[in-house]
Amino acid sequence: MRFSKMLLPTLKESPADADVISQKLMIRAGMIRKVAAGIYNLLPMGLRVIRNVEDIVRSEMDNAGAQEVQMPVVIPAELWKESGRWDEYGKELLRVRDRHDREFCLGPTHEEVITDMVRREVRSYRELPLNLYQIQTKFRDEIRPRFGLMRGREFVMKDAYSFHATDESAELEYQNMHRTYSRIFERCSLEFRAVEAETGAIGGRFSHEFMVLADTGEDAIASCSVCSYAANVERAEVRPSQPAPRKEEPRTIERVSTPGKKTIEEVSAFLKAAPQKLIKTLIYETDKGVVAALVRGDFDLNEMKLKRALDASFVRLADEETVKKATGAPVGFAGPVNVKARVIADFSVRDIENGVTGANEADAHIVNVNPERDFSAGYADIRNAVEGDGCPRCNGTLGIKRGIEVGHIFKLGTKYSVSMGATFLDEAGKERPLIMGCYGIGIGRTAAASIEQNHDDFGIIWPKPLAPFGCEVVPVNVNDEEVKKAAEGLYDSLIGMGIDTLLDDRDERAGVKFKDADLIGIPVRVTVGEKNLKQGLVEVKERRGGKVSLVKMNDTANAVRLILSEKA
RNA sequence: CGGGGCGUAGCGCAGCCUGGUAGCGCACCUGCUUUGGGAGCAGGGUGUCGGAGGUUCGAAUCCUCUCGCCCCGACCA
């Protein structure tokens, strides 16, 4: 490709509304342009990268025994009503009507459509298992799209769905996909971790997320320094601390006036007590009744864990009225002592000595509170993990890192097959619901994550498997006939070797071309300049690491090929 | 949806408070010089000041409504 012919509008400045590095660089490098909030055009440079990701995904999925299909973007409402998600999914589901006033939605995910496809065609256990995937544009009407391709409303996703006769078969495919995803992200040269995750609205029993490690990631993940345990902090378990020997003499409980001091910070500052001494009391409404949930003042409650500990189907922070009924006080002064609710406490509360908590009375707290002596509670792990917590699997400690979720694998079970009547006949001739799995990869997000991990002050540093071109040839001055001829010759021989090459044939100053080359991040740059050319030499520079070598004209194409065959 | 902010040239912004000829840098076009890390000089403005209404002799500027976008939060792959 010739730079002069390519729609490749590079920018010196990044637009004001870009706020992560991958988004800035994608815009500056002429890969993407915004059309509307969370909706982008992919320019030629951007599409090349996306295609590379897709090709890797496709080849590994095919290798793993999955078959590619394509499902529609526009989906009739009936399918979503059958599964029950038409009402559950909320405003993220973009609903439209056709000219006959029939209802449709733009597919944010395709469980319904695939389940419908399979129930029509599959009758017998002999046709199972089956893994079908597509690479398709999805639409989710995000509340707040941001970060360019990382959280758009319209985005390209690879989604696969597997169908099984038995749990064992579903389990095997889950492991198969786990391995396949690892291979895919390895081939993309990404530094990632597979972590245990919550299942969210899609449902199912458990899941793994594939997280690319990056400081700008939207998710926090906890991982053990010793063993392989890693989990989304939403889910990460915390090893309960061993009950410590008492350090303080229990003192007499005492009520103190704390006018207007409601938050942990306010109370802590007012009473000059460390947040670790405070017992944070949160009143929740649940289907199991009103609950007072306790965590140590410096920790955050985890609602998912609370829900699981209570075996509740919903938990919701109580409104003012409920709080008043349970505690007799306005919000901000709740405590476990004499509260009219079931009390559940995090393990971290167990070791608090002479602690501080709300008095269940306006503008008052009580001090010298000691668990067991002053109140009783059921103990469970109900807080978010933090840096330094004990690993639940071994005696290592957890560290917290940030990650970008690029893949997610679920065991769906029979949620959709039961609600939509997708059944098969087993060996005994008995009708049973299909057991399903679901496996997604964000294609655009993967490309963006790669930039988050691979860039410097000058621009993108593409790993070779994702790079839009393998090599860029830069004639320093296209008005010099010798230089021009040499560059053209090199360009032809590189192309002849099957190396995707960009020739910067623009009549621009050398500095401009170098800056653009660094910005767009092609792995190898071949510079053709007058002085070196007089000795039959050109300069070969690697974008990553910046290694420069002078190479004889005739050896150049081979030298480039050699560099491209190296890893990363 | 709650809170905050912004819409002025292709991009980044100033002008608005205190109404009176629409500006700066980059980009772009022409010419000359320059030519290995975002060149210099000279010339050129490419704009419904987001839109609609109002106040006024006069509105980018003041008022009302509206649309779009961004940031923080709750939600989510």
Side-chain angles (χ1 to χ4, degrees), chain A residues 9-20 23-24 27-28 30 33-39 88-93 107-111 138-159 197-204 207-212 217-219 232 234 303 316-317 403-410 438-446 448-449 457-459 474-480 483 504 506-519 525-533 537-539 541 546 548 550:
Chain A
T10 58
L11 262 33
K12 277 192 203 173
E13 293 171 289
S14 45
D17 55 14
D19 36 43
V20 292
Q23 184 184 15
K24 284 181 191 163
I27 293 168
R28 288 190 52 210
R33 288 291 185 267
K34 188 165 70 178
V35 176
I39 299 175
E88 280 169 24
Y89 214 87
K91 280 194 258 184
E92 235 178 84
L93 185 66
T109 174
H110 282 77
E111 283 82 2
K138 312 279 187 195
F139 194 93
R140 293 185 192 171
D141 200 357
E142 282 286 330
I143 299 168
R144 192 148 87 80
R146 57 189 136 172
F147 304 151
L149 294 193
M150 263 164 59
R151 179 170 291 276
R153 290 195 290 174
E154 186 178 298
F155 58 101
V156 175
M157 183 167 158
K158 187 282 305 179
D159 49 326
E198 287 297 337
T199 51
I202 296 181
S207 72
H208 280 86
E209 287 170 341
F210 286 76
M211 294 281 195
V212 169
E218 292 186 88
D219 294 284
N232 195 309
E234 288 175 356
E303 292 190 358
R316 182 173 60 224
L317 208 50
I404 299 163
E405 183 187 346
V406 289
H408 203 160
I409 59 178
F410 294 87
C438 155
Y439 321 91
I441 290 179
I443 301 289
R445 195 181 268 193
T446 300
D457 291 346
F458 302 104
V474 181
V476 161
N477 181 355
V478 291
N479 296 315
D480 181 312
V483 168
D504 193 347
R506 295 174 300 168
D507 184 8
E508 284 286 357
R509 299 171 63 83
V512 172
K513 296 190 188 187
F514 293 153
K515 290 288 183 191
D516 273 344
D518 289 344
L519 177 60
R525 188 183 89 196
V526 178
T527 309
V528 184
E530 290 157 75
K531 286 180 207 115
N532 288 326
L533 192 59
L537 299 173
V538 296
E539 179 186 288
K541 182 173 181 183
V548 177
L550 288 174

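The chains referred to below are lettered A, B, ... by the order of the sequence lines, with proteins before strands, and numbering in each begins at 1.
Of the N and O atoms on the side chains of Glu209(A) and Asn232(A), at least one donor lies less than 3.5 Å from an acceptor on the other residue.
Distance alone, capped at 3.5 Å, places no donor-acceptor pair between the Arg146(A) side chain and the Arg151(A) backbone. At least one donor-acceptor pair under 3.5 Å links the side chain of Lys513(A) to the backbone N or O of Arg506(A). At least one donor-acceptor pair closer than 3.5 Å links the side chain of Arg445(A) to the backbone N or O of Met150(A). The closest donor-acceptor contact from the side chain of Arg140(A) to the backbone of Glu154(A) lies at 3.5 Å or more, if one exists at all.
Among the nucleotides rG73(B), rC69(B), rA77(B), the one closest to any side-chain atom of Arg146(A) is rG73(B). Taking only side-chain atoms of Ala37(A), from C-beta outward, the nucleotide of rC13(B), rC1(B), rC70(B) with the closest atom is rC70(B).
For Lys34(A) and rC70(B), the shortest distance from a side-chain N or O to OP1 or OP2 is below 4.0 Å. Between Arg151(A) and the phosphate of rA77(B), there is no side-chain N or O to OP1/OP2 separation shorter than 4.0 Å.
Remark: rC69(B) base-pairs with rG5(B); criterion is Watson-Crick or G-U wobble with both hydrogen-bond distances under 3.5 Å. Searching all strands for a Watson-Crick or G-U wobble partner of rC11(B) with both distances below 3.5 Å returns rG25(B). Pairing for rA77(B) is absent, with no Watson-Crick or G-U wobble pair whose two atom distances lie under 3.5 Å. Pairing of rC41(B), defined by two Watson-Crick or G-U wobble distances under 3.5 Å, is identified with rG31(B). The partner of rU56(B) cannot be assigned: no Watson-Crick or G-U wobble pair with both contacts below 3.5 Å exists in any strand.
Nucleic acid contact class of Glu13(A) (heavy atoms, under 4.0 Å, all strands): base. Residue contacts shown for Gly38(A) are absent, as no nucleic acid heavy atom lies under 4.0 Å away.
For the pair Arg140(A) CZ and rC76(B) P, the computed distance is 12 Å after rounding to whole Å. The CZ atom of Arg153(A) sits 7 Å away from the P atom of rC69(B) (whole-angstrom rounding). Per the geometry, NE2 belonging to His208(A) stands 17 Å off P belonging to rA77(B), to the nearest Å. Protein atom CD of Glu142(A) is 13 Å distant from nucleotide atom P of rC75(B), rounded to whole Å. For the pair Tyr439(A) OH and rA77(B) C1', the computed distance is 17 Å after rounding to whole Å. Regarding Ile27(A), its CD1 atom lies at a distance of 13 Å from the C1' atom of rC70(B), rounded to whole Å.
Here, rG31(B) and rC16(B) have their P atoms 40 Å apart, quoted to the whole Å. As rounded to the nearest Å, rU18(B) and rG43(B) have C1' atoms that lie 37 Å from one another. Taking atom P on both rG12(B) and rG50(B), the two are 14 Å apart, rounded to the nearest angstrom. Distance noted for atom P between rC6(B) and rC76(B): 31 Å (whole Å).
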Could you encode protein contacts along nucleotides 34-40 of chain B as a string, one character per nucleotide from 5' to 3', using B for base contact, S for sugar-phosphate-only contact and - for no contact, with a heavy-atom cut-off of under 4.0 Å? BSBBBB-
Give the intermediate values and the outcome of side-chain contact (heavy atoms from CB on, under 4.5 Å) for residues Asp504(A) and Phe514(A). CA-CA 10 Å; Asp504(A) 193 347; Phe514(A) 293 153; over 6 Å; no
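Residues Leu149(A) and Gly444(A) approach most closely at CB-O, 4.0 Å, considering heavy atoms.
Remark on RNA chain B: of its neighbouring residues Ser14(A) and Glu218(A), the 5'-side contact belongs to Ser14(A), judged by nearest-heavy-atom nucleotide. Comparing Ala36(A) and Pro15(A) by the nucleotide of RNA chain B whose heavy atom lies nearest to each, the residue mapping closer to the 5' end is Pro15(A).
Asp159(A) places a side-chain heavy atom less than 4.5 Å from the side chain of Lys138(A).
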